[in-house]
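Here is the structure we will look at, set down as structure tokens.
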There are 2 protein chains.
Amino acid sequence: MSYSYGTLRPMTTDTPARLLQLLSLLQTPREWPGGELADRLGVSRRTVRRDIDRLRELGYPVQATKGADGGYRLVAGKAMPPLVLDDEEAVAIAVGLRAGAGHAVEGVDEASVRALAKLEQVLPSRLRHRVSTLQAATTPLTSGDGATVAPETLTVMASAVAGQERLRFAYRSGDGTESRRLTEPYRLVSTGRRWYLVAYDLDRADWRTFRVDRVSDPLATGARFSPRELPTGSAAEYLRQSMYRRQETYEFDVTFAAPVEFVVARLPAWLGPPEPVDEHSCRLRATAGDSVEWLALRLALVDCEFTVHEPPELLGYVRELGERLTRAGKAPDRLTD
Amino acid sequence: MSYSYGTLRPMTTDTPARLLQLLSLLQTPREWPGGELADRLGVSRRTVRRDIDRLRELGYPVQATKGADGGYRLVAGKAMPPLVLDDEEAVAIAVGLRAGAGHAVEGVDEASVRALAKLEQVLPSRLRHRVSTLQAATTPLTSGDGATVAPETLTVMASAVAGQERLRFAYRSGDGTESRRLTEPYRLVSTGRRWYLVAYDLDRADWRTFRVDRVSDPLATGARFSPRELPTGSAAEYLRQSMYRRQETYEFDVTFAAPVEFVVARLPAWLGPPEPVDEHSCRLRATAGDSVEWLALRLALVDCEFTVHEPPELLGYVRELGERLTRAGKAPDRLTD
DNA sequence: CCCTATAGGTCAGATCATGTCCTATTCCTA
DNA sequence: TAGGAATAGGACATGATCTGACCTATAGGG
């Protein structure tokens, strides 16, 4: 286990540097006796106590166990202290966040992309390799409708939104036409499993929404702008209206042969809760913007009997999947072994 | 957007505090002109330059854009700088890591748990609420075989391993008998989707492996120990042997009607690659420790025709799932609407 | 009861950090 | 092509700060 900023420079007479180093040491989940800290930091025991005091004044709650076998330890406080991660931990977080970027939880997703952007901004390049390699090894849950979002695209966009920099990218619209866009990015929004960028399109001189999976080669130009006011309240609201106008959603209607609680625990929360029909079944009517393939798998994952009422496409795909599995489950013609 | 340590204490004459604050400001993915930094930090422009110099000496690569519209910005260096996260980002990372704890990527998983433990050690309590609430809203991919691992259990264990503290917990063994264990935890290992603790059992005076999903009420006692030497090389190796002895795995054998590349991209990498049969099909023989239900879903997600050869249980479950989906896809008897 | 931890006070001397000057350099824009 | 605005950095005097070496008080474990 290597704590980069803890062990790299053992001889530093610089106070602020020592404080950072101390913070990094204390973040290891264990007890640190004052003597050991003094050794590691190359200062006297008294100074360590003073440093700990300073950390406390700064708001980091350092807990001390008195008596023999005592020591210091960083505990939960009222604000987040700076996280000191070693290489592997940083990679793990990056991979985790990138994997989650596809099918995120409502309310966390854009914060998660922001965190990812922050992390990747400072991620050493040798770790970048490992992240992309490992990410390639991850199998996303997506049912292969091809509309996967590159995490790089998301982070570039998030940086541009945060930094108020103009964003240029290539866009492939719904009917397949390609175009290049120069925009003032306003906000990233995710609905269910899909990401959208709400931005002011400078060429068209109007607000637009872009599906992130149709964006390629995003580039923050570096030019700053002062944000315009979005005509319709929030970005999420604007997106909702825009999607509604374009009919990019469909309604579905399914009955499950299981109690509401059972179903609710096995479906993404953003679909909303089903309404109970009776004690042993419930019915879900909702709107989805995702492909029917994905929805069908989601339904299969619920792991109970169900019936599809709407839409016909979903019905068709469920039937097809059922037949495929039935074929797969037939006693196999023995292959050559 | 609130940067806790950036805005909480505007008047501080303390240099180390100011450096941390500066680090936090620079972590926003944007350009910061020196004047603005000077204002925010309440010091002169010259001092800001000096601080930036100090950060650079500490190893944080601060990039400066010269000329009009220039500014400072933190870029990737050779080591990870401490991450300064705001509340939402911290929550997002925690939720992401907890969600990923179930079905992690090989090679990242235990680092991911370590990172989670580090983060939760210092996560303010008000954020803890949000994390658990949001996590409840997440639907794990697990096919409901009940063997889900509580992230809290994992983090407590990871802390105990890192801090070399004795660990006490209740264990429900395979045949259902309950027992209390006092152990010296050695390493956490994950295989595929399941977590194991390799530890020295003090009562039995021997090494044991424990399935984490069968552990409850884990408690780090606080008592330290000096790690013993594991008789068999690495923890992963020990676990493999232990599982082999107990026959906790099964072999499966499936043929896909799709090229190797197609299948490989849609299956977890730790299953290993299938071997090509011909240009349009390939066959996968591997060992799984997971439930057949989970494996069946994984196969369905591959989204191509396939045939199950072994084992019979898998064959049965695939057939059952297929029939259920076929029933679900039948033209529904119209319910009362 | 003793040992070993943290906790904190005081003091002198060395060190460090700050703001205000100054000039050099680079880049964008007009 | 000239000008403006930004970073970069040297010099210096003043004042604050930091450190180590003393010291005592207090709490827990064996």
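To find a chain, count down the sequence lines: A is the first, B the second, and so on, and within it residues start at 1.
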Ring centres under 6.0 angstrom apart (A/Y186, A/Y238)
no
Rounded to whole Å, the CZ-C1' distance (B/R73 to D/dT7) equals 15 Å
Quick check on DNA chain C: between A/R50 and A/R56, whose nearest nucleotide comes earlier from the 5' end?
A/R56
Can you tell me how far P of D/dC18 sits from CG of B/L19, to the nearest Å?
12 Å
In whole angstrom, what separates B/L41's CG from C/dG19's P?
11 Å
Return the minimal non-hydrogen interatomic distance between B/L202 and B/R166, and the atom names on each side.
CD1-NE, 3.5 Å
Taking atom types as they are modelled, would you say the side chain of A/R45 forms a donor-acceptor pair with the base of D/dG20 within the 3.5 Å cutoff?
no
Grab the CD-P distance between A/E31 and D/dG28 for me, whole Å please.
14 Å
Under 3.5 Å, is there an N or O donor on one side and an acceptor on the other linking the side chain of A/R49 and the base of C/dG9?
no
Between A/G71 and A/R46, which is nearer to the 5' end of DNA chain C once each is assigned its nearest nucleotide?
A/G71
Which pair of non-hydrogen atoms, one from B/V122 and one from A/M80, has the smallest distance, and what is that distance?
O-SD, 4.0 Å
Atom CG of A/D51 and atom P of D/dG20: how far apart are they, to the nearest Å?
9 Å
Considering only heavy atoms from C-beta outward, does the side chain of A/L25 approach that of A/L41 to under 4.5 Å?
yes
In whole Å, what is the span from the CD1 atom of A/I52 to the P atom of C/dT6?
8 Å
Does B/T47 place a side-chain N or O at less than 4.0 Å from the phosphate oxygens OP1/OP2 of C/dG19?
yes
Residue A/Y72, side-chain heavy atoms: nucleotide from C/dT18, D/dG20, C/dA7 that is nearest
C/dA7
Look at the side chain of B/S44 and decide which nucleotide, out of D/dT7, D/dT19, C/dG19, has an atom nearest to it.
C/dG19
If I take atom CG in residue A/L37 and atom C1' in nucleotide D/dT19, what distance separates them, rounded to the nearest angstrom?
17 Å
Is B/T15 near enough to C/dC16 that one of its side-chain N or O atoms lies under 4.0 angstrom from OP1 or OP2?
no
Euclidean distance, atom CG of residue B/D53 to atom P of C/dT18 [Å, nearest integer]:
12 Å
B/F169 and B/P218 have their tightest heavy-atom pair at CB-CA, 3.8 Å
